[in-house]
Amino acid sequence: MKPEIILTAQGHAGTMAKLQSEFTCHKLFEAPDKKAFFEKHAATVRGLATFGPLPVDGKLMDALPKLEIVSNFGVGVDAINLDDAKKRGIIVTNTPDVLNDCVADTALALVLMALRKFPQSEVYLRQGLWATKGAYPLTTSAGGKTLGILGLGRIGEAIAKRAQSFGMKIRYHNRSKKNVPYPYDADPVALAKSSDVLMVVTPGGAGTAKLVNAKVLDALGPQGYLVNVARGSVVDEQVLLLYLQEKKIAGAGLDVYENEPQVPVAFYALDNAVLFPHVASATVETRKAMGDLQVENLHLHFAGKPVKTPVA
Ligand code: NAP
Ligand code: 8YV
């Protein structure tokens with residue numbers, strides 16, 4: 001008998017196929033009546049494979065009294081209430097490390113694009129303006145600038161390595177100081193004050209909500225750039241919009257937003273923002289590695305073994 005699990009959303013195609021061949025899967029996202037769906041599967045479902053922002057809280061866990069494991073596709077588990085899971089003895093797993101390189105590549109792409117305005121300069125060429133108006137205006141170099149990393153964890157460290165190879169200096173702020181060769185700042189305002197580019201790569205959730213606010217952006221200043229590859233919730237989006245519109249900061253590179261996939265349309269008009277649709281880990285190779293780890297955690301658990309990547 002294959003263990004029964006629920007798939008919360010339409011995830012990565014290869015992973016969905018693998019999950020469906022190896023477990024008995026029920027698709028929450030296809031159920032017209034969610035209440036009836038949970039009632040139907042309450043007595044038999046032992047696992048949840050989660051994808052995306054659907055909140056997994058105590059109420060949902062209580063609707064599945066046989067639930068043993070929540071296996072998330074992605075490293076960020078801000079949609080899962082970890083306290084509620086702990087109280088109920090439910091294991092939560094995620095997919096760390098396998099996506100560090102791709103996310104760090106994306107972070108550096110955002111730094112280069114925000115500073116050098118490469119997307120805007122390409123549009124300039126495509127509009128025929130190079131030939132008619134002359135050279136694209138000068139931008140600013142990444143080399144020699146200071147990158148302040150807010151959240152120097154697994155991905156933050158991969159970003160730091162890459163940024164150094166571009167000639168950038170690194171500083172950071174975490175809640176706890178680490179044994180790393182980079183200068184530490186005691187809070188996000190101090191970090192922003194010492195940085196030309198502030199890179200946000202903390203987890204999302206209540207603990208970091210609007211950590212980047214007006215005070216932090218004031219400290220970053222009119223020559224400073226913000227890059228966010230963490231979660232939209234970590235930045236006060238309305239304040240950021242205003243600061244970009246009023247040129248109170250120089251520019252931004254964003255991969256994540258408060259209410260995805262909705263992005264306030266006022267962002268579309270900004271010439272000083274580079275906007276990606278949450279694609280930092282979105283390569284065939286990395287998404288496969290994430291899915292394989294999600295499936296492996298389920299297999300290990302149902303075989304009675306310790307999971308590979310439990311969330312602390
Ligand atoms: P990680 O290894 O846990 O690193 C997170 C870092 O943030 C830690 O160094 C932690 O240090 C720091 N931190 C946590 N809370 C903080 C706070 N309140 N103030 C300052 N620093 C804080 O996680 P990771 O694997 O690098 O992933 C980081 C996040 O990136 C994920 O949680 C996810 O939200 C996001 N992400 C986004 C994408 C994307 O597609 N855009 C892809 C992958 C991940 P302390 O505990 O010492 O504070
Ligand atoms: C994915 C992510 O886009 O790992 C994360 O935390 O944000 C990304 O890798 C997301 O998990 C896909 O659902």
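Whatever order the structure lists ligands and atoms in, that order sets their numbers, starting from 1.
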Undergrad: Considering only heavy atoms of Met290, which atoms of ligand 2 have at least one such atom less than 4.0 Å away?
TA: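 The atoms of ligand 2 under 4.0 Å from a heavy atom of Met290 are 9 (O).
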Undergrad: Kindly indicate, with the supporting measurements, whether the criterion side-chain contact (heavy atoms from CB on, under 4.5 Å) is fulfilled by Leu99 and Asp101.
TA: CA-CA 6 Å; Leu99 41 58; Asp101 285 339; over 6 Å; no
Undergrad: Using a plain distance cutoff, I'd like to know if Gly76 has any nitrogen or oxygen under 3.5 Å from a nitrogen or oxygen of ligand 2.
TA: yes
Undergrad: Examine the proximity of ligand 1 to His278 and report which part, side chain or backbone, both or neither, has a heavy atom under 4.0 Å away.
TA: side chain
Undergrad: List every atom of ligand 2 that sits less than 4.0 Å from any heavy atom of Arg231, numbering the atoms from 1 in the order shown and giving each element.
TA: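 Every atom of ligand 2 under 4.0 Å from some heavy atom of Arg231: 2 (C), 5 (C), 6 (O), 7 (O).
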Undergrad: What atoms of ligand 2 come closer than 4.0 angstrom to any heavy atom of Leu99?
TA: 4 (O), 9 (O)
Undergrad: Under the 3.5 angstrom rule, does the side chain of Asp33 hit a backbone N or O of Ala36 as a donor-acceptor pair?
TA: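 Yes: the side chain of Asp33 pairs with the backbone of Ala36.
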Undergrad: So does Leu240 get a backbone contact from the side chain of Asp236, meaning a donor-acceptor N/O pair under 3.5 Å?
TA: no
Undergrad: In terms of residue, atom name and distance, what is the protein heavy atom nearest to atom 9 (O) of ligand 1?
TA: Asn174 ND2, 3.0 Å
Undergrad: Within the structure, is a non-hydrogen atom of His12 found at a distance of less than 4.0 Å from ligand 2?
TA: no
Undergrad: State whether a side-chain donor-acceptor pair under 3.5 Å links Glu4 with His41.
TA: no
Undergrad: Is it true that Arg287 lies under 4.0 Å from ligand 2, counting heavy atoms only?
TA: yes
Undergrad: Tell me the protein heavy atom at minimum distance from atom 5 (C) of ligand 2, and give that distance in Å.
TA: Val75 N, 3.5 Å
Undergrad: Got the closest protein heavy atom to atom 38 (C) of ligand 1, with its distance?
TA: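 Of every protein heavy atom, Val229 O, 3.6 Å lies nearest to atom 38 (C) of ligand 1.
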Undergrad: State whether the shortest distance between N or O atoms of Leu152 and N or O atoms of ligand 1 falls below 3.5 angstrom.
TA: yes
Undergrad: Under 4.0 Å from ligand 1, counting heavy atoms only, is it the side chain of Val103, its backbone, both or neither?
TA: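 Near ligand 1, Val103 shows its side chain, while the N, CA, C and O stay back.
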Undergrad: Looking only at protein heavy atoms, which one is nearest to atom 16 (C) of ligand 1, and what is the separation?
TA: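 For atom 16 (C) of ligand 1, the nearest protein heavy atom comes out as Arg175 NE, 3.5 Å.
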Undergrad: Output the list of atoms in ligand 1 that are nearer than 4.0 Å to some heavy atom of Gly207, sorted by atom number.
TA: 18 (N)
Undergrad: Provide, to 0.1 Å, the distance between atom 4 (O) of ligand 1 and the closest protein heavy atom, together with that atom's residue and name.
TA: Gly153 CA, 3.3 Å
Undergrad: Closest non-hydrogen protein atom to atom 8 (C) of ligand 2, residue and atom name please, with distance?
TA: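 Ranking protein heavy atoms by distance from atom 8 (C) of ligand 2, first comes Ser281 OG, 3.5 Å.
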Undergrad: Quick one: does ligand 1 sit under 4.0 Å from the side chain of Thr202, the backbone, both or neither, non-hydrogen atoms only?
TA: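 The answer is both, backbone and side chain.
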Undergrad: Side chains of Thr309 and Thr93 only: does a donor on one sit below 3.5 Å from an acceptor on the other?
TA: no
Undergrad: Whether Lys248 engages the ring of Tyr243 as a cation-pi pair (distance to the six-membered ring centre under 6.0 angstrom, angle to the ring normal within 45°) should be assessed.
TA: yes
Undergrad: Can you tell me which residue and heavy atom of the protein come closest to atom 11 (O) of ligand 2, and the distance to 0.1 Å?
TA: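 Nearest neighbour among protein heavy atoms for atom 11 (O) of ligand 2, to 0.1 Å: Phe73 O, 3.2 Å.
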Undergrad: So which protein heavy atom does atom 35 (C) of ligand 1 come closest to, and at what separation?
TA: Ala230 O, 3.6 Å
Undergrad: Distance-only, no hydrogens or angles: does the Asn94 side chain make a donor-acceptor pair with backbone N or O of Val75 under 3.5 Å?
TA: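 Indeed, once roles are kept as given, a pair shorter than 3.5 Å links the two residues.
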Undergrad: State whether the side chain of Asp196 and the backbone N or O of Lys145 hold a donor-acceptor pair below 3.5 Å, judged by distance alone.
TA: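 Judged by distance alone, no pair lies under 3.5 Å.
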Undergrad: In Å, rounded to the nearest 0.5 Å, how long is the span from CD1 of Ile80 to CG of Asp57?
TA: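 That separation rounds to 11.0 Å.
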Undergrad: With heavy atoms of Gly76 as the reference, note each atom of ligand 1 found under 4.0 Å away.
TA: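 Listed by number with element: 32 (O), 33 (C).
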Undergrad: Quick one: closest heavy-atom pair of Thr202 and Gly151, and the distance?
TA: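 Nearest pair, atom of Thr202 first, then Gly151: CG2-CA, 3.8 Å.
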Undergrad: Of the side chain and backbone of Thr208, name the one, both, or neither that has a heavy atom under 4.0 Å from an atom of ligand 1.
TA: side chain
Undergrad: For Lys27 and Gln20: C-alpha separation, side-chain torsions, deciding distance, then whether side chain to side chain donor-acceptor pair (under 3.5 Å) applies.
TA: CA-CA 10 Å; Lys27 296 180 180 172; Gln20 287 175 95; 3.2 Å; yes
Undergrad: Show which atoms of ligand 1 fall inside a sub-4.0 Å distance from at least one heavy-atom site of Leu211.
TA: 19 (N)
Undergrad: Which one of Gly52, Ala230, Pro277 has a non-hydrogen atom at the shortest distance from atom 13 (O) of ligand 2?
TA: Gly52
Undergrad: Can you check whether Phe23 and His299 have ring centres sitting under 6.0 Å from each other?
TA: yes
Undergrad: Please round to the nearest 0.5 Å and tell me the distance separating atom CG of Leu150 and atom CG of Asp185.
TA: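 Those atoms lie 10.5 Å apart.
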Undergrad: What protein heavy atom is closest to atom 26 (O) of ligand 1, reported as residue, atom name and distance in Å?
TA: Ile155 N, 2.9 Å
Undergrad: Examine distances only and state if a side-chain atom of Thr95 and a backbone atom of Met290 form a donor-acceptor pair shorter than 3.5 Å.
TA: no
Undergrad: Considering distance alone, does some N or O of Ser176 sit under 3.5 Å from an N or O of ligand 1?
TA: yes
Undergrad: What is the nearest protein non-hydrogen atom to atom 23 (O) of ligand 1, stated with its residue, atom name and distance?
TA: Arg154 NH2, 3.5 Å
Undergrad: Using a 3.5 Å cut-off on N or O atoms only, is Lys178 in polar contact with ligand 1?
TA: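 No, Lys178 has no N/O under 3.5 Å of an N/O on ligand 1.
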Undergrad: Under 3.5 Å, is there a donor-acceptor pair between the side chain of Asn297 and the main chain of Lys308?
TA: yes
Undergrad: Below 4.0 Å, non-hydrogen atoms only: which portion of Asn100 touches ligand 1? Side chain, backbone, both or neither.
TA: neither
Undergrad: Closest non-hydrogen protein atom to atom 44 (C) of ligand 1, residue and atom name please, with distance?
TA: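 Going by distance alone, atom 44 (C) of ligand 1 is nearest to Val75 CG1, 3.2 Å.
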Undergrad: Identify whether the distance between the nearest side-chain nitrogen and carboxylate oxygen of Arg88 and Asp62 falls below 4.0 Å.
TA: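 So Arg88 pairs with Asp62 through a salt bridge.
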Undergrad: For ligand 1, note which part of Arg231 has a heavy atom under 4.0 Å away: side chain, backbone, both or neither.
TA: side chain
Undergrad: Over all heavy atoms of both residues, which pair between Leu152 and Ala160 is shortest? Give the atoms and the distance, please.
TA: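 In terms of heavy atoms, the two residues are closest at CD1-CB, 4.3 Å.
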Undergrad: Ignoring hydrogens and geometry, is there a side-chain-to-backbone donor-acceptor pair from Gln120 to Asp271 under 3.5 Å?
TA: yes
Undergrad: Provide the number and element of each atom of ligand 2 under 4.0 Å from a heavy atom of Gly74.
TA: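 Those of ligand 2 that fall under 4.0 Å from Gly74 are 4 (O), 5 (C), 11 (O).
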Undergrad: Suppose I only count heavy atoms of Val256 and a 4.0 Å limit; which atoms of ligand 1 are within that range?
TA: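 In order of number, 41 (N).
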Undergrad: Report, in ascending order of atom number, the atoms of ligand 1 lying under 4.0 Å from any heavy atom of Ala280.
TA: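 Answer, ordered by atom number: 39 (C), 40 (O), 41 (N).
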